[in-house]
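Chain identifiers are assigned alphabetically (A, B, ...) following the order of the sequence lines, protein sequences preceding nucleic acid strands; residue numbering begins at 1 within each chain.
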Amino acid sequence: MDFDLLPNLLGDSSGARRLPEEQFLTNLPRSILTSNPRGLLPQQDDDVQDQLSSTAPENIYHAGFVICKIEDVFEAMADCIIDEKKELVIHLKSRHRPAFKGRNAVSGAIENLPDSQIRSITFPSKKPQEAWKFTALLRILELAHEALVNGVVTTKRCCHQCRNRAFVPVTDILMWQVGRVADCISRDMFYRDPDLFIKQAVVDRYIDDIAYTLGVNRDALNVVAAAKGLVAGSFSIEKKDKSIVDFSSDSEGLLVPNSKDIDNVLIGNVRWILVIEKEATFRTLSTNHYWKLSSAGEGILLTAKGYPDIQTRKLLYILSEQRPAIPIFALVDFDPDGIGIMSTYKYGSMALSHENSKLAVPGLEWLGIRSRDIVSTSTGVMKLSSRDRNTARRMLDKDIFQEGERDEEWRVELQRMLFLNAKAEIQTLGNSSNLEAWLNMQLWAAV
Amino acid sequence: MPYHLPPHQNISRYRTTPPPHGVLCRTLYASYPTVTMSKQYLTTHTIDDAHVTDIFSLAVTPTQILSASGSSSIKIYSTASPEISLAQTLTGAHKLGCHHIVTSRNGKKAASAGFGGEVKIWAVSEAGEWAEEGKIVDCNKAGEIWAIALSEDGQFLASTTYDGRINVWDLADGRKKIREYETKGSFGLCIDMSRDGRFTASGHENGGVYVFNNETGRMLYSLPGLVKPVRSVAFSPAGTRLAAAGDARVIGLYDVKQGEQVANLTGHSAWIFSVDWSDTGEYLLSGSFDGKVKVWSIDRGVCVATHSETEKTLWSVKWLPKTGKSEAFATAGANRSISFYREATGG
């Protein structure tokens, strides 16, 4: 996983090894396109959009709305050129620094505080960085627009429909594409212009920025990340096209479905949901049908292969909303990233704090592994790298790790980790039978 | 005191009536034909939930005990009377928690190192009130300092770093860094200074133990190792011996003058986090991951007492300065309380 965002270009190499959510906040401009270079600030639009998204989050409406906004930007650019103005300006709305993040009183999810700041990116500019930013933003806008207009889902892998076409106004086509949900996988975007973007993370970041500015979720831009998560368990999903996906059918687990396609979740006799950091552990358990054979009853296994993507978090959120009584557990490594991953599921990421209310799963409980689990084995214990120590220290400084917070144990375990200068992976628990025995014990006690 | 009896009598005695407050070490029977009497310690007091999280470090003065934990406050208890009472709370001392606290032998200065990487120096008033005197800022990159030690008079502070360097600051002269020792780059987990101020010793993650001569600024010895991480080092009061212990579950005793290992104290079955010499240098105290605290006789090279309040980790064990005839010590760790023990006398 490489979230290192252009340290050479942006002159900030210090953030190269930070947590992804922090990188989002620090390495690139905390900024967002506002739709209107003519000086209208986006507050009113946001209000309108907030109402819209809270009442009727229909893709059709979103698509039309977003397309109009993007076209406004380009129109303003064209006006500037026609009027022979000296520079083109994109107004950028800041996503907040961690200091400006608030916490949801009920769920503890990380949220934005209401105020925000505006920054402008101009072209031409004396700084080469800014010219690059400007270009990248425009290109992403163009690609997002194209995806919306074409009604194509862009994903992180290239879809062939995406052709590099010139921009055309599309109000007519809008009506035609009504009802067609189309997404652009952000990976495509990257491959459309790899020389410009240099890294996938740039695309991801700017898409989040644009979505935040327009006051919509990322999927409203028809841009999704390619499904990363895997899920297996005693449940099935009814899709909008009425097909049914049975997640007990494949012992390897199935890819997490796009939440937009989910019509209904049919949860059987599920007693627990286990969120697993590592794909290898997930595969071990799913191949052995642990979700069916566990002594703690039937369950659901879920992994996002590391830090969770939106789709995986969304699925977990849907499951938790559907049956709030089913306990959700996290099985992560005993290292700073393990705890970071767990906190992303539970409280959301800093970067996407504007979306956390519909993604965070505050009921998540920590199953393992903890310092006491490594004491008993003491094999497979590794020392912390200096990156680990820095990560842990920065995490301790965050809100959710302060004294008296609801997960005080996280703070203690991070401190023990630092004091021991030791970490351990889930695999420390042993091979599949040892792991299952351990899980049986833990789940039995917890369920 | 040696207690000479035919071995079989001892063994039967052990089997039928084990001592109520101390468990004899098995190695004692295995390796020694003449068995020595164990010492017995009684729990005299326990401060339950002294902190809301793990207590990582204890430090003592002639009249007080200072405790540092994962919470932001440092607590100071008076040990002057048997009813140990809270004397002071240094609120908000280290926001991210505090992993090491040390005092100078004369009891006038203290230093504490926090998880945020900051090191604070504290001074005590005539009335016994502690107040912050300053921070170590000179040549201290964020998070660089880990373990710390103060000289007898509190003038010098030594610390280890993540990358194995040892730094010394002069606290009397603007808290300037005056020495930097290089080692092989392995994390310095622990450090101690001899009471006469002549030597500094450090223990490292790769099992290395180094002794430095503070007068010349040179490394004196690189001691043959315990191979596994060394989590505690301590000079004997006379400065002639150095004890080192850690994940090897063994306490190594070294002759400081010759730089040779002179004994191995075996008996712990878990990682050792803390060792401390009694005032006379006769006994060594050690605490481990499995919650056991042991007292070792240096002369005989054996464990003379083992106690455990819980199975939770003991991060720190400390002798209290001797008052009266009997020896006393304190233990603290993951169970968040501080336990006080005193040698059983008159029996």
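- Residues B:Y162 and A:N421 are in side-chain contact: their nearest non-hydrogen atoms beyond the backbone lie under 4.5 Å apart.
- Atom CG in A:L396 sits 13.5 Å away from atom NE2 in B:H94 (nearest 0.5 Å).
- Note: B:W315 and A:F419 have perpendicular aromatic rings, judged against thresholds of 30 and 60 degrees for the angle between ring planes.
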Given the rule in the side-chain hydrogen bond (donor to acceptor under 3.5 Å, both in side chains) test, do A:Q415 and B:D54 qualify, once you have shown the distances and angles that lead to the verdict?
CA-CA 9 Å; A:Q415 289 170 336; B:D54 290 23; over 6 Å; no
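- A heavy-atom distance below 4.5 Å is found between the side chains of B:W271 and A:L420.
- Of the listed residues (A:V412, A:D397, A:L414), the one with the most heavy-atom contacts under 4.5 Å to chain B is A:D397.
- Counting non-hydrogen atoms of other residues, nucleotides and ligands closer than 6.0 Å to NZ of B:K95 gives a total above 12.
- Note: B:T53 OG1 to A:R416 CZ = 8.5 Å, rounded to the nearest 0.5 Å.
- Remark: B:H99 pairs with B:F115, B:W146 by the ring-ring contact (aromatic ring centres under 6.0 Å, His included) rule, at least two apart or across chains.
- Under the 4.5 Å side-chain criterion, counting only non-hydrogen atoms from C-beta, A:R372 is not in contact with B:F289.
- Of the possible polar contacts, none joining the B:E205 side chain to the A:K383 backbone as a donor-acceptor pair under 3.5 Å is found.
- Residues satisfying the side-chain contact (heavy atoms from CB on, under 4.5 Å) test with B:Q88, not counting sequence neighbours, are B:I76, B:L90, B:E129, B:W130.
- The number of heavy atoms from other shown groups lying within 6.0 Å of CD (B:E311) does not exceed 12.
- Minimum heavy-atom separation, B:L96 to A:R411: C-NH2, 3.4 Å.
- Neither the backbone nor the side chain of A:E409 comes within contact range of chain B, judged by heavy atoms closer than 4.5 Å.
- Only the side chain of B:F187 comes within less than 4.5 Å of a heavy atom in chain A; its backbone stays farther off.
- Taking OG of B:S71 as the reference point, atom CD of A:E408 lies at 8.5 Å (rounded to 0.5 Å).
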